[in-house]
Undergrad: 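The structure under discussion is supplied below as structure tokens; questions concerning it will follow.
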Amino acid sequence: MEKYDHLKIEKKWQIKWDENKVFKSEVDYYKPKFYCLVMLPYPSGNLHMGHVRNYVIGDVFARFNRMIGNNVLHPIGWDAFGLPAENAAIKNGISPKEWTEQNIANMKKQLKMLGISYDWSREISTCKPEYYKWNQWFFLKMNEIGLVFRKKSNVNWCPLCKTVLANEQVLSGKCWRCDSNTEIKKLEQWFLRITNYANTLLEDMKQLKNGWEKQVLSMQTNWIGKSVGVNINFDLFIKNKKTKKKLKVFTTRPETIFGVTFVVISPEHDFIRKFKNFIINYNEIAEYKIRFNNYINKNFLKEKYGIPIKGIEVINPANNKKIPMFVSSYVLKEYGTGAIMAVPAHDKRDSEFAKVYNIPIIKVIAQYDNETINSKVMYECKDGVLINSKQFNGMDSKEASIKITNWLKNEGNAEKKVNFKIKDWLISRQRKWGTPIPIIYCKKCGIVPVPERELPLNFPKTYDEIYVICPNCNSLAKRETDTMDTFVDSSWYYMRYCDPNNSIVAFDIKKAKYWMPVDQYIGGIEHACMHLIYARFWYKVMKDLGIVAATGKEPFTNLLTQGMVTLNGSAMSKSRGNIISPNKISGKYGVDALRLFILFAAPPKKQLDWSKQSMNIVKGCHNFLNRLWRLFEIINMKSRFSASKQNKNEILLKMNFTIKKVTENLKKEFKFNTAISHIMELVNALYVYKWHSNDNGVSLQVYKNIILLMYPFTPHICEELWERLGNNNNISEQNLWPQYTIELLDYKKDIIEIPVQINGKLRGKVLVNLEDSEDDIKRKIKCNNKLLSYFNNKKILKFMYIKSKIVVIVSN
RNA sequence: GGGUGGAUGGCGGAAUUGGCAGACGCACAGGACUUAAAAUCCUGAGAUUUGCAAAAAUCGUGAGGGUUCAAAUCCCUCUCUACCCACCA
């Protein structure tokens, strides 16, 4: 037999799949559907190992599901708008469009070389007018239902990318794309009202409990940040007089009200402007505010430093005591009411502040375990029993929370309030290579949306094209020059895949109903609080617009977040120059070996570090495929020995067990690494069996199943061997997933070796017949001098035989 | 400060969910084949101690305690570590 020529085989099958459009999918109501989606790539130029991991995992799902008879949709496309194209355009003197198209062509070639089973007829590219037209259409629709608004506010600005960013796109104070420190700017920008959906986004996560990882769910829960509390009014005390004017604060711990010894407002709070005339040190506060607005480094924010407001005090509604007011940057304007009641005894931040200004600290909650008040427990806000709280003394803090809220409410000083941390989605970007925002600014009519019939609205090519005619009054007006966040593109692309060439609507409702929701989504965890929140939001909006007919509230039923591929522990990136090229590896050892490596080297969720050893593992994977290849010839050879019936049953048992395990690993556990090792074991066992057997029928049966089981992982070599076995159907086009026979799984050897545990320690083994009783086994053990020596002359307190598993003896 | 994970040989990682820890693979060592190398095939191996050997004993899943005949797995305390969020009241 010829040698395993991976280059030839891989090319042969890739051409065959491509020419015969094997993976093209159509709506078919007679077949169960399976929508397998991978996060669409940004066309940066070259595939890296992270892409390979993502897409190979996706391919395993797709191929496996075809084999078990599902109608699989496995599409791919390009997240083609974005800043790198603009930078490359300046650098290389070509247009962003050209640069992007070149990259797409190159990466498409690379994806085909990986043998991923995409339906290429559904390929989309978000920078094409046919696609981004619908971004604009969605914008107009959202505008109609009040989800679009323009607001001047403090926004995050990336000085390197020269654009604003959404809250989600600032990671620890740095730009998600270029890692530079972001700044705060006050600008008027376009927002989408994602906060309208905050509660729905949170509630609907209950439906994702089984299909999404806990980690992602908890990250989103945190990000949405629901907190239930109370708004409490504090009366203002101005010029030695109690007034009817009030300051509203938000708290989640109303039971600590008796411990409030001061209040703090944000430097940006409207209060300052409103009560300017009563604030004696207004100038000092205004100065502080300017410093706050101009701050560059965030350390200023971390300081527990503020300014006392002179001339105004507030009255604690619980005890009518007069307490001071402060301005400090540690109170955020955007959250709650922009003002807090400070309880220094039970809040670390408040206590730090109180120490600076010598404000009294009153403890109002005593912990249950009657500990003394020391510095450690001092500032914690644990549950306990109330003290120093008048009529509420002795009450449990949970109960007190309700009672105090009601008490304050009856006095007209409180109302229940729920707050969220999530902020509205800022979608304006000061970039050219993006979807133009379809808005016109007219001097007469104000802000006017571009009429739907004029979509797509293309980029202005010259400066003059910024000037347009107002659709309302026909006078000269200006276009919006900002573009949309590219996350808009990826918020609904999974719908477009269902009907990618539709020029009349964004997608056909019926087609989308057939395919949606996505059955398996695969991508990186870095999108947990970006794309995966935006996409869920968009889906809910589409439902509200009445264009989603699929059942269920969520777009992605199951989510697998694959771990990063790193080099020496850090992420591979162009700038670090530490990129391992998949092409080089596949050229030397084959695409199938590369695929096998990436699936076998680590479980999919775990980080996969490329080390010096990794190339050896690729080589090992190649060797294994070689071993599989040679087995083709060996199973037809004659052995000098003949196998016993038992040997035959054992190999069949092993085969059935392997089928069962691999099916489970693929279907619900996502354990590709152990699936592969089970198949390796079966291959090893088949080699051994062949040494002792002439029963080619059994060998062939096992071998065929091995090839079918391997197919989702290494499709090229499996198709080739399948063909060489004389089959005239391709695995790719059939429902050939092997079934196991339950009767064979029940097969047990007549005589098995059972471990014997004496007084908690493993002391030896005993040969046991399947039908042996406890007494039989006891007799056998007593005949074994070694085992007997451990409990001879002692009283047996317990003798236990757990069938086919273990014998337990306890003696005194 | 909050959240979610993780810690098993030289390495990547297994463990039927409480029942022989270290499957499978890499690296390593020995052997067969070969003029030689590669490839291939076979064999070995957690650590320590005893023994010429066959073998045996002890220890062993981050640390310490507990439950149990039996714990990598369950409970308590702690340490380290990764990721995400973070002055969110």
Side-chain angles (χ1 to χ4, degrees), chain A residues 3 171-173 213-223 225-227 229 249-253 256 264 266 298 301-304 328-332 334-343 346-350 352-353 379-381 419-423 525-526 528-529 563-564 569 596-597 600-603 605-609 611-621 623-624 626-627 630 657 660-661 664 671 673-681 683-684 687 691 753-762 764-765 786 797-800 802 804-811:
Chain A
K3 129 178 191 266
L171 312 170
S172 316
E213 280 148 64
K214 216 175 156 188
Q215 190 192 4
V216 180
L217 292 176
S218 95
M219 279 166 81
Q220 291 211 356
T221 305
N222 262 328
W223 189 260
K226 182 177 182 172
S227 56
V249 304
F250 174 70
T251 181
T252 52
R253 307 294 298 228
T256 61
V264 189
S266 157
K298 282 207 155 188
L301 279 175
K302 297 274 176 194
E303 283 171 24
K304 280 293 165 298
S328 176
S329 59
Y330 89 90
V331 175
L332 306 173
E334 310 282 337
Y335 188 75
T337 63
I340 62 153
M341 57 179 226
V343 188
H346 301 286
D347 186 289
K348 213 176 157 215
R349 297 153 303 182
D350 295 346
E352 281 172 25
F353 195 89
Y379 309 117
E380 284 172 358
C381 202
N419 279 322
F420 292 93
K421 284 186 205 170
I422 192 171
K423 292 191 181 131
I525 187 126
E526 65 272 20
C529 292
M564 272 206 298
L596 198 57
F597 161 78
F600 179 63
K605 288 178 206 166
K606 226 173 158 170
Q607 180 178 315
L608 171 56
D609 196 50
S611 66
K612 281 173 199 157
Q613 302 257 26
S614 299
M615 204 45 130
N616 280 322
I617 301 176
V618 179
K619 204 169 100 190
C621 288
N623 289 348
F624 170 72
N626 229 320
R627 207 164 138 80
R630 282 193 312 277
F657 178 75
K660 183 166 182 275
K661 284 306 284 183
E664 282 167 4
K671 294 203 284 202
N673 55 333
T674 55
I676 292 163
S677 46
H678 282 122
I679 301 172
M680 284 174 167
E681 280 184 69
V683 169
N684 292 346
Y687 262 89
W691 287 120
E753 218 183 23
I754 295 288
V756 180
Q757 203 182 53
I758 301 166
N759 288 332
K761 285 197 174 170
L762 203 73
K765 301 196 172 169
K786 201 206 145 201
L797 302 172
K798 197 181 230 177
F799 186 92
M800 236 182 349
I802 295 154
S804 312
K805 258 187 186 166
I806 199 164
V807 178
V808 173
I809 299 170
V810 184
S811 70

Undergrad: Could you tell me whether A:Gln613 contacts a base, only the sugar-phosphate backbone, or nothing, with contacts defined as non-hydrogen atoms closer than 4.0 Å?
TA: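 The answer is base, as A:Gln613 lies within the cut-off (heavy atoms under 4.0 Å) of a base atom.
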
Undergrad: Sticking with atom P, work out how far B:A38 lies from B:A29, rounded to a whole angstrom.
TA: 12 Å

Undergrad: With the side chain of A:Glu681 defined as its heavy atoms from C-beta on, choose the nearest nucleotide among B:C24, B:G12, B:G19.
TA: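 Looking only at heavy atoms from C-beta outward on A:Glu681, the closest nucleotide is B:C24.
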
Undergrad: Which part of the nucleic acid, if any, lies within contact of A:Met219, taking any heavy atom under 4.0 Å across all strands shown: a base, the sugar-phosphate backbone alone, or nothing?
TA: sugar-phosphate

Undergrad: Given the P atoms of B:U73 and B:G6, what is the spacing between them in whole Å?
TA: 13 Å

Undergrad: Among B:C20, B:A86, B:A23, which nucleotide sits nearest the side chain of A:Leu762?
TA: B:C20

Undergrad: Ignoring hydrogens and geometry, is there a side-chain-to-backbone donor-acceptor pair from A:Asn759 to A:Ser811 under 3.5 Å?
TA: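 Yes: the side chain of A:Asn759 pairs with the backbone of A:Ser811.
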
Undergrad: How many whole angstroms separate atom CD of A:Glu664 from atom P of B:U17?
TA: 10 Å

Undergrad: Counting any heavy atom closer than 4.0 Å, what does A:Lys612 reach on the DNA or RNA strands: base, sugar-phosphate only, or nothing?
TA: nothing

Undergrad: Touch check for A:Gly760, heavy atoms < 4.0 angstrom, all strands: base, sugar-phosphate only, or nothing?
TA: sugar-phosphate

Undergrad: A:Asn616 side chain N/O closer than 4.0 Å to the phosphate oxygens (OP1, OP2) of B:A27?
TA: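 A:Asn616 to B:A27 OP1/OP2: side-chain N or O found under 4.0 Å.
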
Undergrad: Does a side-chain N or O of A:Lys671 approach OP1 or OP2 of B:A15 to a distance below 4.0 Å, or not?
TA: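 Yes.
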
Undergrad: How is A:Lys421 classified with respect to the nucleic acid when contacts are heavy atoms under 4.0 Å: base, sugar-phosphate, or nothing?
TA: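 Here A:Lys421 touches the bases of the nucleic acid.
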
Undergrad: Does A:Asn419 reach the main-chain N or O of A:Ser227 with its side chain, forming a donor-acceptor pair under 3.5 Å?
TA: no

Undergrad: Mind calculating the distance between CE (A:Met680) and P (B:G13) to the nearest angstrom?
TA: 15 Å

Undergrad: Classify the side chain of A:Lys765 and the base of B:C20 as holding, or not holding, a donor-acceptor pair under 3.5 Å.
TA: yes

Undergrad: Within the structure shown, what part of the strands sits under 4.0 Å from A:Lys661 by heavy-atom distance: base, sugar-phosphate, or nothing?
TA: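 No contact at all - A:Lys661 keeps every heavy atom at 4.0 Å or more from the nucleic acid.
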
Undergrad: Say we look at B:G46 and B:C42: how far apart would their C1' atoms be, to the nearest angstrom?
TA: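 One C1' to the other, the span is 23 Å.
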
Undergrad: Can you tell me, in whole Å, how much space there is between the P of B:C78 and that of B:G3?
TA: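 B:C78 and B:G3 have their P atoms separated by 14 Å.
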
Undergrad: Can you tell me how the ring of A:Tyr330 sits relative to the ring of A:Phe353, calling it parallel under 30°, perpendicular over 60° and tilted otherwise?
TA: tilted

Undergrad: Hey, is the side chain of A:Lys798 poking within less than 4.0 Å of OP1 or OP2 on B:C69, counting only N and O atoms?
TA: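 So the side-chain polar atoms of A:Lys798 do come within 4.0 Å of the phosphate oxygens OP1 or OP2 of B:C69, strictly under.
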
Undergrad: Expressed as a whole number of angstroms, how long is the span from A:Ile806:CD1 to B:U16:P?
TA: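 Going from CD1 in A:Ile806 over to P in B:U16 covers 15 Å.
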
Undergrad: Regarding B:G3, can its base be found pairing with the side chain of A:Gln215 as donor and acceptor, where the two atoms are less than 3.5 Å apart?
TA: no

Undergrad: A:Leu608 CG to B:G13 C1': how many Å, rounded?
TA: 11 Å

Undergrad: Pick base, sugar-phosphate or nothing for A:Phe600, based on heavy-atom distances below 4.0 Å to the nucleic acid.
TA: base

Undergrad: Roughly how many Å apart are B:C76 and B:A86, using the P atom of each and rounding to a whole number?
TA: 30 Å

Undergrad: Any side-chain N or O of A:Tyr335 below 4.0 angstrom from OP1/OP2 of B:A89?
TA: yes

Undergrad: So, is A:Asn673 near the phosphate of B:G12, with a side-chain N or O under 4.0 Å from OP1 or OP2?
TA: no

Undergrad: Return the 5'-most residue of the pair A:Ser172, A:Ser227 with respect to RNA chain B, ranking by each residue's nearest nucleotide.
TA: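 First, find each residue's nearest nucleotide; the 5'-ward one identifies A:Ser172.
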
Undergrad: For B:G25 versus B:A45, give the span between their P atoms, rounded off to a whole number of Å.
TA: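 Roughly 15 Å separates the two P atoms.
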
Undergrad: Measure from CE on A:Met615 to P on B:C26 and round the result to the nearest Å.
TA: 15 Å

Undergrad: Give me the distance, rounded to whole Å, that separates B:A72 from B:G62 when you measure between the P atoms they each carry.
TA: 10 Å

Undergrad: Tell me whether the side-chain N/O atoms of A:Lys761 come closer than 4.0 Å to OP1 or OP2 in B:C59.
TA: yes

Undergrad: Regarding A:Val264, tell me which of base, sugar-phosphate or nothing describes its non-hydrogen contacts under 4.0 Å with the strands shown.
TA: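 It contacts nothing in the nucleic acid.
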
Undergrad: Can you tell me how far C1' of B:A23 sits from CD1 of A:Ile679, to the nearest Å?
TA: 15 Å

Undergrad: I need a per-nucleotide contact map over nucleotides 40-51 of chain B, read 5' to 3'. Cutoff is protein heavy atoms under 4.0 Å; write B for the base, S for backbone only, - otherwise.
TA: SS----------

Undergrad: Using whole Å, report how far NZ of A:Lys3 lies from P of B:A38.
TA: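 Taking atom P of B:A38 as the reference, NZ of A:Lys3 is at 17 Å.
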
Undergrad: A:Lys619 has an atom NZ; how far is it from atom C1' of B:G12, in whole Å?
TA: 16 Å

Undergrad: Mapping A:Cys621 and A:Gly225 to their closest nucleotides on RNA chain B, which lands nearer the 5' end?
TA: A:Cys621

Undergrad: Mind checking A:Val808 for me? I need base, sugar-phosphate or nothing, with any heavy atom below 4.0 Å counting as a touch.
TA: base

Undergrad: Does the side chain to side chain contact (heavy atoms under 4.5 Å, CB included) test come out yes or no for A:Met219 and A:Gln215, once each step is laid out?
TA: CA-CA 6 Å; A:Met219 279 166 81; A:Gln215 190 192 4; 4.3 Å; yes

Undergrad: Identify the stems formed by RNA chain B, where each pair is Watson-Crick or G-U wobble with both distances under 3.5 angstrom and a stem is at least 3 consecutive pairs.
TA: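 If one scans RNA chain B for consecutive Watson-Crick or G-U pairs, the stems found are B:1-7 with B:79-85, B:10-12 with B:24-26, B:28-32 with B:40-44, B:46-50 with B:55-59, B:62-66 with B:74-78.
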
Undergrad: Quick one: is A:Asn684 getting a side-chain N or O under 4.0 Å of the B:G25 phosphate, OP1 or OP2?
TA: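 So the side chain of A:Asn684 is within the cut-off, an N or O lying under 4.0 Å from OP1 or OP2 of B:G25.
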
Undergrad: Expressed as a whole number of Å, how far does the C1' atom of B:A71 sit from that of B:A21?
TA: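 Each nucleotide's C1' atom is 11 Å from the other's.
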
Undergrad: Please classify the nucleic acid contact of A:Leu171 as base, sugar-phosphate, or nothing, using heavy-atom distances under 4.0 Å.
TA: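 Since only primed, P, OP1 and OP2 atoms lie under 4.0 Å of A:Leu171, the category is sugar-phosphate.
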
